[in-house]
Amino acid sequence: MTSKIDISERLIKWHSSFGRHDLPWQKNKNPYHVWISEIMLQQTQVNTVIPYFEKFIKQFPNIAALANTDEDQILSYWSGLGYYSRARNIYAAAQSIKNLHNGKFPEDYDDIVNLPGIGRSTAGAILAFSFNKKYAILDANVKRVLLRFFAIEEPVNKTKTIKRLWSISDSILPNQNISTYTQAIMDLGATVCKRSNPKCVDCPLNDGCLARKNNASSRIPVKNKSKDKPVKYSQFYIYEYNKRFFLIKNTKTKIWSQLWLPPTEPIFQEKLNRDDLKILKTGERSCTFSHFKLSYKYTHIHLCKEPNDNSFGLWFDFIDLTEVGLPAPIKKLLTELSN
DNA sequence: TATGCGTGGTA
DNA sequence: TTACCAAGCAT
């Protein structure tokens with residue numbers, strides 16, 4: 001029967017036949033590629049990340065290229081991926097690597113985990129994948145596998161549970177093949193020990209899994225019930241002039257910070273004559289975030305004349321919208337309105 | 001310690 | 001349609 005002792009051995013063996021070997025960030029496991037992929041993969045699924053990773057690496061092939069660009073450029077390549085503080089932290093970390101580590105990605109745990117946007121799990125992944133060092137990770141896949149294997153029916157978002165899981169994750173690490181093992185346990189969580197309808201028949205750990213033994217897999221992981229989301233309201237004024245949209249950089253530190261948005265006030269209405277503007281379309285939409293719902297109205301206004309004072313924002317050509325740090329719903333809306 | 005932070009897929 | 005959730009981190 002699978003015991004705690006041979007979990008890693010079984011996973012490594014399983015991975016050679018059933019693991020994922022062709023992901024873009026597995027082609028070259030240098031710390032730069034691993035770092036970028038691990039940041040993109042935080043709270044984000046593999047299939048979503050793949051095209052973003054490929055475009056990002058093509059544009060910024062190494063740390064030097066990243067350190068020599070600006071935050072706006074990085075955000076434009078992050079547009080649509082969400083959790084934009086990740087992109088801002090990548091920029092900040094690139095500066096740190098350039099200034100504190102002579103442009104070379106650090107190999108020491110403390111140095112790595114001190115980089116912005118890198119916590120214990122991401123540091124562990126980078127160390128395991130790039131440097132083959134014995135460090136644990138604890139992502140949602142690993143959590144689920146361990147919670148089920150040991151039939152832990154404690155709420156997964158409790159600090160005490162997390163602490164216990166880190167301890168277990170540490171304790172089952174192999175002394176060799178740490179990179180393969182780390183990939184294996186994540187692959188198992190993603191493809192076999194899935195959130196719903198786990199394929200226990202295909203699991204290399206099934207004979208020792210306590211959740212399976214107790215028929216408890218469907219109720220593990222246990223989560224506290226979530227609060228209902230408040231609704232917030234907003235309005236966007238989408239000004240079009242000469243096949244361009246007027247956008248303002250969102251300097252607030254909340255949602256969509258540092259991204260470009262249409263004005264939320266009718267800034268040009270009073271400054272122009274009625275004859276110089278024409279309302280083309282109005283509408284209402286909503287988008288749901290992890291902690292609230294945003295309901296917003298939009299007004300698409302065509303200007304026949306350029307307003308005098310527009311220094312607080314920029315006019316973006318329709319064809320340049322893919323090169324701007326725009327939130328996904330706004331990019332979608334502007335793309336529709338420009339057709 | 002709990003909450004804020006995006007988006008798209010899935011049941 | 002709604003609710004949940006994913007290769008977490010920062011505060």
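All values below come from the heavy atoms of this structure, side chains included, with hydrogens, waters and symmetry mates left out. These figures come from a predicted structure and were not determined experimentally.
- A search for side-chain contact (heavy atoms from CB on, under 4.5 Å) contacts involving A:Tyr52 returns A:Met40, A:Leu81, not counting sequence neighbours.
- A:Ala328 comes within 4.0 angstrom of the backbone, heavy atoms only, and of no base.
- Looking at the side chain of A:Gln43, the nearest of the listed nucleotides B:dT7, B:dC5, C:dA6 is C:dA6.
- With sequence neighbours left out, A:Asn339 forms a side-chain contact (heavy atoms from CB on, under 4.5 Å) with A:Thr335.
- Atom CH2 of A:Trp256 is separated from atom C1' of B:dT7 by 11 Å (rounded to the nearest Å).
- C:dT2 and B:dC5 have their P atoms separated by 23 Å, given to the nearest Å.
- In this structure, A:Glu38 places its CD atom 13 Å from C1' of C:dC9, rounding to the nearest Å.
- The aromatic rings of A:Trp315 and A:Phe268 lie parallel to each other, with less than 30° between the two planes, well short of the 60° mark.
- Phosphate proximity of C:dC4 to A:Lys223: absent, as no side-chain N or O sits under 4.0 Å from OP1 or OP2.
- In terms of position on DNA chain B, the residue among A:Thr48 and A:Ser196 whose nearest nucleotide sits closer to the 5' end is A:Thr48.
- The NZ atom of A:Lys229 sits 11 Å away from the C1' atom of B:dG6 (whole-angstrom rounding).
- Applying the ring pair (Phe, Tyr, Trp, His ring centres under 6.0 Å) rule to pairs touching residues 138-179 of chain A yields nothing, sequence neighbours excluded.
- At least one donor-acceptor pair closer than 3.5 Å links the side chain of A:Thr161 to the backbone N or O of A:Pro155.
- Ring geometry, A:Phe60 versus A:Tyr77: the interplanar angle exceeds 60°, so the pair is classed perpendicular (tilted spans 30 to 60°).
- For A:Arg212, there are no side-chain hydrogen bond (donor to acceptor under 3.5 Å, both in side chains) partners at least two apart in sequence or on another chain.
- A heavy-atom distance below 4.0 Å to DNA chain B is reached by these residues of residues 78-85 of chain A, ordered by number: A:Gly80, A:Leu81, A:Gly82, A:Tyr83, A:Tyr84.
- Distance A:Lys143 NZ to C:dA6 P: 8 Å, rounded to the nearest Å.
- Judged as a salt bridge (charged side-chain N to carboxylate O under 4.0 Å, His left out), and not counting sequence neighbours, the contacts of A:Asp170 are A:Arg120.
- The phosphate of C:dC9 has neither OP1 nor OP2 within less than 4.0 Å of any side-chain N or O from A:Ser121.
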Show the distances under 3.5 angstrom between N or O atoms of the protein and N or O atoms of nucleotides 1-3 of chain C.
none

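- Here salt bridge (Lys or Arg N to Asp or Glu O under 4.0 Å) pairs that include residues 277-298 of chain A, with residues two or more places apart or in two chains, are A:Arg285-A:Glu336.
- If you find the closest nucleotide of DNA chain B to A:Lys194 and to A:Cys287, the one lying nearer the 5' end belongs to A:Cys287.
- Remark: A:Lys98 engages A:Asn68 in a side-chain hydrogen bond (donor to acceptor under 3.5 Å, both in side chains) (not counting sequence neighbours).
- Closest to the side chain of A:Ser290, from the set C:dG8, B:dG6, B:dG8, is B:dG6.
- Judged as a side-chain hydrogen bond (donor to acceptor under 3.5 Å, both in side chains), and not counting sequence neighbours, the contacts of A:Glu240 are A:His300.
- For A:Arg144, whose side chain is taken as the heavy atoms from C-beta onward, the closest listed nucleotide among C:dA6, C:dG8, B:dC5 is C:dA6.
- In this structure, the CD1 atom of A:Ile112 is 13 Å from the P atom of C:dC9, given to the nearest Å.
- Rounded to whole Å, the distance from CH2 on A:Trp260 to P on B:dG6 is 18 Å.
- Note: CD1 (A:Ile118) to P (C:dA10) measures 8 Å, nearest angstrom.
- In this structure, A:Leu23 reaches the bases: a heavy-atom distance under 4.0 Å links it to at least one base atom across the strands shown.
- The main-chain N or O of A:Arg244 is never found under 3.5 Å from a side-chain atom of A:Asn242 such that the two would form a donor-acceptor pair.
- Rounding to whole angstrom units, CG of residue A:Asn89 and C1' of B:dC5 are separated by 11 Å.
- Both A:Val113 and A:Arg195 lie near DNA chain C, and the one whose nearest nucleotide falls closer to the 5' end is A:Arg195.
- Evaluation of atom-type donor-acceptor distances gives a pair under 3.5 Å for the side chain of A:Thr44 against the base of B:dG6.
- If you take atom P in C:dC9 and the same atom in B:dG8, they sit 23 Å apart, rounded to whole Å.
- The P atoms of C:dC4 and B:dT3 are separated by 15 Å, rounded to the nearest whole Å.
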Output side-chain donor-acceptor pairs under 3.5 Å for residues 228-235 of chain A, partner residues at least two apart or in another chain, one line each.
from: A:Lys229; atom 1: NZ; to: A:Phe289; atom 2: O; distance (Å): 3.1
from: A:Gln235; atom 1: NE2; to: A:Thr299; atom 2: OG1; distance (Å): 3.1

Give me, pair by pair, the N or O atoms of the protein and of nucleotides 2-4 of chain B that are less than 3.5 Å apart, along with how far apart they are.
from: B:dT3; atom 1: OP1; to: A:Lys227; atom 2: NZ; distance (Å): 2.2

